[in-house]
Amino acid sequence: MNRIDKIRKAKAGLLLIASPRFKNLYGPKRGTYGQRKDEAVKAIKASMDYLDIVDPGIVYEREDAQRAMDMFFAEKVDFVYAEFLSWSEDFAWIKFLRDCPPMPIIFCNVAKDKMSFETTLDEDDFVDYLCAGTLVGSLEGSGDVARIGRKDLVVAMGTREQITAKVRSFAAAAKARAILRHSNVGLMANMNEAMWSTYIDNYDLYTKIGPEIHYLPYSDYGAEIEALSDEEVKEYADELTSKYKMMPDVDYDKFIGCVKATLGIKKLAQKNDIDCYVYNDIDQATFRTAGCRAGFYPQWFNENVSVLVPEADIGAGIATYVLKLITGKNVNFIEPFHIEDEYGTFAGGHAGPNDHNDPQWSDNVVIARDVRFAKTSWKYAGAPFGWYRFSPGMKTVCGIYEQDGKYKMIVFQAESLAPEQTPQSKISHLLATYSHTIFRPVVPVKELFEQILNIGATQHYAIVDGDCREELQYFAKIMGFEFYNIK
């Protein structure tokens with residue numbers, strides 16, 4: 001998918017509902033109800049400069065609702081922002097809820113700090129009183145929401161500032177949903193026979209989540225490696241060695257072998273328009289074709305707002321891609337290894353390619369031998385990889401899993417500890433062969449994993465800096481996923 005389409009603003013359709021009964025009521029100081037609502041719309045739009053807005057005008061009648069629906073569908077909005085501008089007859093709202101094609105809707109009620117009138121004794125204040133009746137309009141409209149039962153609608157209440165923050169989160173989730181429907185997953189080149197619990201149904205993937213899956217043959221992978229020029233191999237090798245320290249026991253020829261294996265993945269992703277590359281790096285065909293598993297993470301994936309994940313886990317790949325789309329940040333791929341109860345921590349990380357490209361943390365990356373792979377007989381046994389001690393700080397951890405045709409999303413917060421904060425050891429790189437860190441979760445560690453074990457998951461998760469649980473909760477809601485925020 002085109003990078004520009006991924007970094008665009010989210011596109012929102014405005015559905016602002018007002019009363020035809022009140023439209024021409026007049027107050028000599030501030031004009032008609034309709035004029036006051038026009039001013040209110042200007043203020044609403046001014047709070048949405050982060051969005052690409054599709055505005056069909058205020059909805060007063062059924063015909064206005066139909067025009068709005070037609071415009072939203074034609075303009076391919078990511079979501080609809082709905083707000084009652086006062087009390088209003090609900091016939092136009094009901095028509096919209098009933099007839100609008102499936103698209104995410106955020107139904108908002110905005111609480112004002114205080115009213116603009118003291119009494120309603122004169123006509124001008126009375127019209128302002130009618131204009132202020134957004135709560136009664138929203139309450140009436142909520143009954144229609146419940147009775148019609150749209151699954152893609154969420155409710156938000158707050159001040160204008162609070163609503164703006166919620167709409168930002170909802171917009172990020174809705175945009176991710178829209179992008180997923182035009183994205184491609186590339187699986188090389190078969191399911192992971194060692195981890196059947198990671199399997200998801202490819203038909204469901206396309207019909208329920210959005211991406212189309214493409215199987216990438218090992219023959220194509222081998223052809224891309226063979227076609228690499230000496231110049232492009234040297235360019236990437238020099239880029240890596242200029243950024244990261246190489247350990248003295250690394251065999252340079254094996255380093256070049258791993259560079260080629262990595263560039264072969266990049267070439268396949270580019271040529272097949274792959275947004276989420278799911279690499280089966282424990283399949284022996286990988287080793288026969290490339291002589292090793294790819295151990296680096298081309299910056300092209302970040303530039304294209306795409307991701308690369310190991311072990312043929314499509315669900316975890318989608319989780320990684322969703323975090324990428326929502327945050328735009330560097331996203332890493334982990335499995336929790338073990339708990340150390342004395343410290344309230346768990347170790348987590350993963351072998352294979354992991355996004356080591358965050359320029360702020362390049363000192364956390366070492367080019368090091370894959371010591372487990374060194375014990376094999378493959379051509380580049382012991383080929384190195386980007387050994388990354390993940391950046392410190394609070395992370396959002398997210399996994400997506402399928403069960404009986406339905407999807408579950410599990411999220412929680414955990415702090416990645418810097419070496420100097422790590423109670424086990426102050427050594428920077430603790431786990432050979434794995435990009436990794438030591439995590440201290442917000443929820444007590446045994447309680448956290450007991451809850452996850454009871455929900456039923458797999459071992460793979462995506463992690464990203466910060467807290468994007470609100471965006472993920474919105475995403476799960478509009479996708480119809482079961483959502484588990486462990487807190």
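Position 1 is the first residue of the sequence, and the numbers go up from there. Please read these numbers as outputs of a predicted model, since none were measured by experiment.
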- Query: Looking only at side chains, do Asp355 and Asn330 share a donor and an acceptor under 3.5 Å apart?
  - Reply: yes
- Result for ring pair (Phe, Tyr, Trp, His ring centres under 6.0 Å) between Phe346 and one of Tyr461, Phe337, Phe449 points to Phe449
- Are Phe412 and Leu448 close enough that some pair of their side-chain heavy atoms sits under 4.5 Å apart? yes
- Does a donor on one side chain sit under 3.5 Å from an acceptor on the other, for Tyr388 and Asn332? no
- For the residue pair Ser391 and Lys395, confirm or rule out a side-chain donor-acceptor distance under 3.5 Å. yes
- Message: Looking at every heavy atom in both His429 and Asn364, which two are closest together, and how far apart are they?
- Response: NE2-O, 2.9 Å
- Message: We want to know whether Ser306 and Tyr321 form a side-chain donor-acceptor pair, criterion being a heavy-atom distance below 3.5 angstrom.
- Response: no
- Can you list the residues that meet the side chain to side chain donor-acceptor pair (under 3.5 Å) rule with Gln403, with sequence neighbours excluded? Lys408
- Message: Does anything in residues 341-353 form a side chain to side chain donor-acceptor pair (under 3.5 Å)? List the pairs, not counting sequence neighbours.
- Response: Glu311-His350, Glu335-His350, Asp341-Lys446, Thr345-Gln424, His350-His460
- So, does Thr422 use its side chain to make a donor-acceptor pair with the main chain of Ala418 at under 3.5 Å? yes
- Task: Taking side-chain contact (heavy atoms from CB on, under 4.5 Å) as the test, write out the residues that go with Ala82, two or more places apart.
- Result: Leu15, Trp93, Ile105, Phe107
Side-chain donor-acceptor pairs of residues 249-257 under 3.5 Å, sequence neighbours excluded:
residue	atom	partner	partner atom	Å
Asp249	OD2	Arg369	NE	3.3
Asp251	OD1	Asp253	N	2.9
Asp251	OD1	Lys254	N	3.2
Lys254	NZ	Ala381	O	2.6

- Message: Filter on salt bridge (charged side-chain N to carboxylate O under 4.0 Å, His left out), then keep only pairs touching residues 222-231, sequence neighbours left out; what's left?
- Response: Glu224-Lys271
- Message: Ignoring hydrogens and geometry beyond distance, is a side-chain donor-acceptor pair present between Asn454 and Gln451 at under 3.5 Å?
- Response: no
- Which atom pair, heavy atoms only, marks the closest approach of Pro353 to Pro310? O-CD, 4.3 Å
- For Thr433, which residues count as a side-chain contact (heavy atoms from CB on, under 4.5 Å) partner, sequence neighbours excluded? Arg293, Ala351, Asp370, Val371, Arg372
- Note on the structure: By side chain to side chain donor-acceptor pair (under 3.5 Å), Asp467 pairs with (sequence neighbours left out) Arg469
- Task: Tell me, please, which residues at least two apart from Ala165 pass side-chain contact (heavy atoms from CB on, under 4.5 Å).
- Result: none
- Item | Ion pair check, Lys267 and Glu232, cut-off under 4.0 Å | yes
- Selection residues 230-250 - residue pairs positive for ring-ring contact (aromatic ring centres under 6.0 Å, His included), sequence neighbours left out: Tyr244-His356
Less than 3.5 Å apart, which donor and acceptor atoms pair up between the side chains of residues 477-487 and the rest of the protein, not counting sequence neighbours?
residue	atom	partner	partner atom	Å
Glu482	OE1	Tyr484	OH	2.8

Could you list the donor-acceptor pairs under 3.5 angstrom formed by side chains in residues 207-215, with sequence neighbours left out?
residue	atom	partner	partner atom	Å
Thr207	OG1	Tyr203	O	2.9
Lys208	NZ	Gly405	O	2.6
His214	NE2	Asn184	OD1	3.2
Tyr215	OH	Asn202	ND2	2.6

- Item | Test side chain to side chain donor-acceptor pair (under 3.5 Å) applied to Asp220 - qualifying residues, sequence neighbours left out | none
